[in-house]
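First the structure, in the form of C-alpha cells, and then the observations on it.
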Amino acid sequence: MARATLAADPLEVAPFLLGKLLVHGRREARIVEVEAYRGESDPASHAYRGRTARNATMFGRAGLLYVYFTYGMHWCANVVCGEQGAAGAVLLRALEPVAGLEEMTAARAARRRPGSALRERDLCRGPGNLTVALGITKQHDGVDLCDPASPVRLLDDGAPVVEAGRVASGPRVGIKRAIDVEWRFWVAGSRYVS
DNA sequence: CTTTGGATCGTCT
DNA sequence: GACGATCCAAAGG
C-alpha cells in the first residue's frame, strides 16, 4: 500500500484503513475495526508523555507496524501514520478472516482451553486475538507494512468502505482518558467487529 | 444475553 | 509498586 496515504492525521487514516488487507504469509484478513491515537496531543496515547523505549516505533515513518505488549499477556498491532516524528497510530481492533483460516484457528486454539468452541467470526475479533491469529508478535515491531519484502504487509484490493458510506464511529474502548471523543471506527453492519 | 474475577508481566513512576 | 489501547470461562438471567 502507498505510504503517502498513511502520512496523514490518524483521524483521517483510521477510517481509510477499513477494508484494507493485512497479510502474513498465507494468512490474510480484512480490517473492519480500528481506533485512532493521535500521539503527543492525545492523553490516551502511549506517546502522550513523549518518546520511550516502548513507543519508539510510533515516532518513525508512516507505514511501520507498532506492536506492544499489554495486560501481561497480549500483543496489539498498530499502523504508524502521520508525518515523521508525529507519533500517530491506528490500533487494529478486529479483522475479517480472508485466507489461511486453518492456520489462524490452530494459532488461536493453542492458547485456549482444549475443546472450547471457536467460531470463525471470533478468529480475529479483538486486538489481542487478531495478533495471535495472524502470528504477529514483538519481533514484528518496526516492520515496514509498505515494503513488498516485509513478512507482514498492508494491501489495498480496492474494496470500498468509506466510498460506500459504510463507516460507523464511537468512543474508544479500554481507556480512561479522552473518553469523550469518537475515534473508534468500524465497518457498519460487519459481524466481525468486537 | 450480561456480569465478574483471575491470569500475568513489561513499562514507567 | 501500580497499572494497563485485554481475554476467557463460569455463573446467572
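In what follows, chains are A, B, ... by sequence order, proteins preceding strands, each numbered from 1. None of these values were measured; they are calculated from a predicted model.
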A:F69 and A:W75 aromatic ring geometry - parallel, tilted or perpendicular at 30°/60° bounds:
tilted
Is any side-chain N of the basic residue among [X] and [Y] closer than 4.0 Å to the acidic one's carboxylate O?
| X | Y | result |
| --- | --- | --- |
| A:R177 | A:D42 | no |
| A:E103 | A:R27 | yes |
| A:R119 | A:D122 | yes |

Without decimals, in angstroms, what is the distance between [X] [atom1] and [N] [atom2]?
| X | N | atom1 | atom2 | result |
| --- | --- | --- | --- | --- |
| A:Y68 | B:dT8 | OH | P | 20 Å |
| A:Y37 | C:dG4 | OH | P | 12 Å |
| A:W75 | C:dC7 | CH2 | P | 15 Å |
| A:H74 | B:dG6 | NE2 | P | 16 Å |
| A:N55 | B:dG10 | CG | C1' | 13 Å |
| A:L130 | C:dC8 | CG | C1' | 16 Å |
| A:R113 | B:dA7 | CZ | P | 12 Å |
| A:R112 | C:dA9 | CZ | C1' | 9 Å |

How is [X] classified with respect to the nucleic acid when contacts are heavy atoms under 4.0 Å: base, sugar-phosphate, or nothing?
| X | value |
| --- | --- |
| A:L91 | base |
| A:R172 | nothing |
| A:N78 | base |
| A:R111 | nothing |
| A:R108 | sugar-phosphate |

Among [options], which nucleotide sits nearest the side chain of [X]?
| X | options | result |
| --- | --- | --- |
| A:R54 | C:dC8, C:dT6, B:dC12 | B:dC12 |
| A:P127 | C:dG4, C:dA5, C:dC7 | C:dC7 |
| A:T52 | C:dG4, B:dT13, B:dC12 | B:dC12 |

If only side-chain N and O atoms of A:R184 are considered, is one of them under 4.0 Å from the OP1 or OP2 phosphate oxygen of C:dA5?
no
Taking the six-membered ring for Trp, does A:Y71 stack with B:dA7 (centroid gap under 5.5 Å, planes within less than 30°)?
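No, A:Y71 does not stack on the base of B:dA7.
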Toward the 5' end of DNA chain C, which comes first, A:A117 or A:G174, by nearest nucleotide?
A:G174
Starting at the 5' end of DNA chain B, which residue's closest nucleotide do you reach first, A:G72 or A:A53?
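Upstream on the strand: A:G72.
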Euclidean distance for C1', C:dG1 against B:dT8 (whole angstrom):
15 Å
Indicate whether the side chain of A:E120 and that of A:Y192 have a donor and an acceptor atom separated by less than 3.5 Å.
yes
Between A:D144 and A:S150, is any side-chain donor less than 3.5 angstrom from a side-chain acceptor?
no
Look through every strand shown and name the nucleotide pairing with C:dA10 as Watson-Crick or G-U wobble, where both distances are under 3.5 Å.
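WC or wobble partner is B:dT3.
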